[in-house]
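Report on the following structure.
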Amino acid sequence: MTAPDMPAGPEEVLAYDPTAVEAKWRARWVERGTNATDLQGERPYYQLMMFPYPSAEGLHIGNLYAFTGNDIHGRFQRLQGHTVLEPLGYDAFGIHSENFALKMGVHPMELIPRNVANFRRQLDRAGLMVDWRRSVDTTDPAYYKWTQWVFLKLYERGLAYKKQAAVNWCPSCKTVLANEQVENGVCERCKTTVEQRALEQWFFRITNYAERLLKNLDTIDWSDSTRTAQRNWLGRSEGAELRFRVLDPLTDAGSAGVQVSQEITSGSTVITVFTTRPDTIFGATYLVLAPEHPAVERVTTPDQRGAVEAYREAARRQDIVSRQVNKDKTGVFTGAYAVNPANGEMIPVWTADYVLMGYGTGAIMAVPGHDERDFEFAQKFDLPIVRVVAGPDDDANTPLTACYADDAAGRLVNSEQFNGVPVADAKRQVTEWLTLRGAAKPVTTFRLRDWCVSRQRYWGPPIPIIYCDACGTVPVPEKDLPVVLPNVPDYKPDDSGVGPLARHEAFFHAPCPTCGKPARRETDVSDTFLDSAWYFLRYPSVPRDDVPFDADITKRWLPVSAYIGGNEHAVLHLLYARFINMVMFDAGLVPTEEPFHKFRAHGMIIRDGAKMSKSRGNVVNPDAYMDQWGADTVRTYLMFIGPFEEGGDFRDQSISGVRRFLDRLWASVRDARRDGAPDADVMKKLHQTIRKVGADLPALSYNTAIAAMMEYMNVLRRGERVPHEFEVKPLVALVAPFAPHIAEELWEMLGHRDSVFDAGWPAVNEELARDDALELVVQINGKTRGKVSVPRDVTQEAALAAVQGDAGLAKFLTGAPKKVIYVPGRLLNIVV
RNA sequence: GCCGGGGUGGCGAAACUGGCUAGACGCAAGGGACUUAAAAUCCCUCGGGAGCAAUCCCAUCCGGGUUCGAUUCCCGGCCCCGGCACCA
């Protein structure tokens, strides 16, 4: 009976033990199917969180932060009566996993399942309301079968194409990288200097969607920071393409200095440039072609050929880092001259690497007077600098000591009939004028490039294409999907520019789906961002094996109701997902153009004021904290340390406060009295708290919601008072989204058999919540001097009288009121 | 350089659309009650300065401004974090 290891007394038997409570409810939820979503349920609400890459290190506290924030939002929606789908899966393909597998000498097909199992264990502990029946793993053939299907859909619609292109090549990862994966000229993953290579690559025509991707940003409910990042990335510029005829060295020989015809004659070489400043054309004193520009070859004169060739060769060999980071201007004169269509002047044609082949037309008209880069270049090579725009304090002859790039305040000068026209108008007028003369065309350019999806690697979904000598490029028929990634021991990338799959005969050789003759498979795999560009479409349809997503279910559950994730994906994942969804919309397969009507970016968790990193050794291991404090405490603490959308500073020292709060909640329910009546003041505070928390949760103001509950707890237990059951019961429901396990346990303790999450959100009783008397703030000369207690609907006169009758306040009234500002329900300001 | 987001006590942070004597809530710190003692719990103090005290003055990065009233709005500047960057 009295074994030595038995708990000593009843007090301890009933103490809050998170380990036991959490284990009990983890099991109970599975047993009861509490988190299994009925897809036919009323008021569907699709709560989406960004699925993690299952790293070998296990769940990062940042993952837990994001998931908890999502989970609270999802659980709150459920308490509001929605049928909530809150799925989670694994984004396990990609270079990251493959590199790690190579480093460890473990095959990814062995490594990934191990990591996934560890993640699953950690995620289960975290108390997420995830319906695990609808999970996805991007490396599962049952999933990537449909990733390949997505590729084929794009191919079918003319949105996937192959071209040879100068691409970013990472010599360490030995693969092509998307522009988005290159940071300041180095690989975002391994920080190796990226090189240029010309390879045959598969691209998606995301640029066809640029205008829609931009326009829709105005209609979706997203964090501003994310929308701005996308706008910048899309980079829309309005301007004009201008045509410059190049003087033919033979027919135009000797005509230097002669006014040449301004007609653009057909047959001669014409250089088309893109500019956002057509108004400055009279100041265009030379042209620049990108070194890769095909016209360089044609226009270069024999005496310049040697220098030009050498320059082009150097540019070709140069890596992208030096080209983008080193901004010293270099270039070579081609020997050619072109005609400025505005004034007929002959201007030299140069080639220089500060002009990029990939943007606009790969050629520019240089206006050194009004462009910083052109100014720098012109100074270095002693090219003429002409002023054609004057600011408010300048005139046509004010010397230019630096370029003048202000396009808001300037007016044109030295521009013939356009002199005096403000820049904004001149842009349009000059374009119109040149258009009439056949030398211009208004165009809109985007910074966005097509999406290169080819990867010369192993760990990804094989691109479902077969090359046949007779039939050409043949897509793998849908019935033959998936093209299974073979389990091969030799998956190491090499420097050949061809993926490792090319070395595996059994994979490489395949019959042509059209004619049956021997043919070759595409050996590139697709970018991991394709896996994650459509995963949210898959979750609701997961058991289905015959379609990627069921039409009815998709119509019912898409678009996603709320998506919360990291802003590091503002331009990569979120743009690609919007693009793919838009394509699916055009194909009639999804109900809306935009997949995520509401997106919120959460902040970042730092630790003790510094970013967490392995090298700093300050990484928080969620397991250790959940062991010590319990998952409910860790969850609630993470949400308490700062505004969810801004992040917070994780400090070990502070966790105890949250745990104390849960301890007190536990004790309050355990000891609650059932006799007598609840206290009116406490009930007032309770209903005010319900109102506050109910308003804070949908706004993701989790930290203030928790503070409000703590405040209520202080009222509830002030001076060791024993709370009444009615005073604590609704609080259990308020706490539930944050601390689901303890909430369920306490709910049961209060005599309920069903889950607290099916009990509904407590209603605010406005009657009880109302303050009868109003504490009116009194200011004298704008300075707050005190308060008077007055009836709610007090008039200004009555309020003033109350102040005059208050000895403490009346002494500040040193004269007759000159002016009285009365804000009903708020304050009374008396100016004397 | 451009675009976002910030700058409030020893610390993490509150303050709805300009208004409840700025600092809720929590941590840390100090004091007290209970206890043989400790833990736990509960109570009190906790931006700076002056004063025995009631009270008064100063204080939300800095300098101006608008207003009866500014952490909040406007102008100028400094600093920190994140993103983009030779994009014509």
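These numbers come from a predicted model, not from an experiment. Note on naming: letters A, B, ... go to the chains in the order of the sequence lines (proteins, then strands), and numbering restarts at 1 for each one.
The distance between atom OH of A/Tyr702 and atom P of B/A24, rounded to the nearest whole Å, is 25 Å. Rounded to an integer number of Å, the gap from A/Lys783 NZ to B/A70 P is 10 Å. Rounding to whole angstrom units, CD1 of residue A/Ile830 and C1' of B/G19 are separated by 14 Å. Protein atom CD of A/Glu711 is 19 Å distant from nucleotide atom P of B/A13, rounded to whole Å. The NZ atom of A/Lys329 sits 14 Å away from the P atom of B/A88 (whole-angstrom rounding). Here the P atom of nucleotide B/A85 and the CZ atom of A/Arg449 are 10 Å apart, to the nearest Å. Counting to the nearest Å, the P atom of B/U8 and the CG atom of A/Asp649 are 13 Å from each other. Rounded to an integer number of Å, the gap from A/Glu646 CD to B/A14 P is 7 Å.
Of the candidate nucleotides B/G12, B/A13, B/C27, B/A13 has the atom lying nearest to any side-chain atom of A/Pro643. In the set B/A88, B/A85, B/G4, B/A88 carries the atom at the smallest distance from any side-chain atom of A/Ile364. Ranking B/C58, B/U21, B/A24 by closeness to the A/Ala707 side chain, first place goes to B/A24. Distances were taken from every side-chain heavy atom of A/Tyr354 (C-beta onward) to each of B/C86, B/C3, B/G26; the shortest belongs to B/C86. When distances are taken from the side chain of A/Ser654 to each of B/G4, B/G12, B/C27, the shortest belongs to B/C27. Side-chain proximity of A/Gln653 to B/U21, B/G26, B/C27: nearest is B/C27. Side chain of A/Val823, nearest nucleotide from B/A88, B/U21, B/G19: B/G19.
Nucleotides B/G83 and B/U71, compared at atom P, are 33 Å apart to the nearest Å. Between the C1' atoms of B/G82 and B/C86, the separation comes to 23 Å (whole Å). A gap of 14 Å separates the P atoms of B/G63 and B/C58, to the nearest Å. With both ends at atom P, the span from B/A15 to B/A24 equals 13 Å, rounded to whole Å. Only the P atoms considered, B/A59 is 24 Å distant from B/G77, to the nearest whole Å. Nucleotides B/C52 and B/G47 place their C1' atoms 23 Å apart, quoted to the nearest Å. For the C1' atom pair drawn from B/C79 and B/C61, the interatomic distance equals 8 Å after rounding to whole Å. Distance noted for atom P between B/G18 and B/C62: 22 Å (whole Å).
Taking syn as a glycosidic angle within 90° of 0, B/G69 does not qualify and is anti.
Mapping A/Arg651 and A/Phe446 onto RNA chain B via the closest heavy atom, the residue that lands nearer the 5' end is A/Arg651. Take the nearest nucleotide of RNA chain B for A/Val777 and for A/Thr704: the residue whose nucleotide is more 5' is A/Thr704.
Base pairing analysis places B/G4 opposite B/C81; the two distances defining the Watson-Crick or G-U wobble pair are each below 3.5 Å. A 3.5 Å limit on both hydrogen-bonding distances identifies no Watson-Crick or G-U partner for B/A14. The nucleotide B/A88 finds no pairing partner, because no Watson-Crick or G-U wobble arrangement with both distances shorter than 3.5 Å includes it. Figure legend. B/A24 is base-paired to no nucleotide; pairs are counted as Watson-Crick or G-U wobble with both atom distances under 3.5 Å. In this structure B/U41 sits in a base pair with B/A33, meeting the Watson-Crick or G-U test at under 3.5 Å.
Counting any heavy atom pair closer than 4.0 Å across all strands shown, A/Ser237 reaches sugar-phosphate atoms only and no base atom. Base engagement by A/Ile821 is indicated by at least one non-hydrogen atom pair under 4.0 Å involving a base atom. Residue A/Asn714 is in sugar-phosphate contact alone, with no base atom involved, counting any heavy-atom pair closer than 4.0 Å across all strands shown.
A donor-acceptor contact under 3.5 Å is not formed by the side chain of A/Arg721 with the base of B/C42. Looking at A/Arg826, its side chain comes within 3.5 Å of the base of B/U17 through a donor and an acceptor atom. Residue-to-nucleotide contacts include no donor-acceptor pair under 3.5 Å from the side chain of A/Gln779 to the base of B/G69.
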Next on the checklist: Please evaluate residues A/Tyr286 and A/Phe377 with respect to the criterion ring-ring contact (aromatic ring centres under 6.0 Å, His included), reporting the C-alpha separation (whole Å), side-chain torsions for both, the decisive distance (0.1 Å), and the verdict.
Outcome noted: CA-CA 11 Å; A/Tyr286 62 102; A/Phe377 191 83; 5.6 Å; yes
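Aromatic pair A/Phe640/A/Phe738: ring centres not closer than 6.0 Å.
A/Asn703 has no side-chain polar atom (N or O) that falls below the 4.0 Å cut-off from OP1 or OP2 of B/G12. Using a 4.0 Å cut-off, some side-chain N or O of A/Arg785 falls inside it from OP1 or OP2 of B/C56. For A/Arg231 and B/C84, the shortest distance from a side-chain N or O to OP1 or OP2 is not below 4.0 Å.
Side-chain polar atoms of A/Ser223 and A/Asn567 form no donor-acceptor pair below 3.5 angstrom. Using modelled atom types, one finds no donor on one side chain facing an acceptor on the other under 3.5 Å when comparing A/Ser613 with A/Asn618.
Put simply, the side chain of A/Thr633 does not reach to within 4.5 Å of the side chain of A/Tyr625, judged on heavy atoms.
A/Tyr712 does not carry A/Lys685 over the face of its six-membered ring by the limits of under 6.0 Å from the centre and within 45° of the normal. Geometrically, A/Arg578 engages A/Trp222 in a cation-pi contact, judged by NZ or CZ lying under 6.0 Å from the ring centre and within 45° of the ring axis.
Contact check on A/Asp679 versus A/Lys684 returns no salt bridge, with no Lys/Arg side-chain nitrogen under 4.0 Å from an Asp/Glu carboxylate oxygen.
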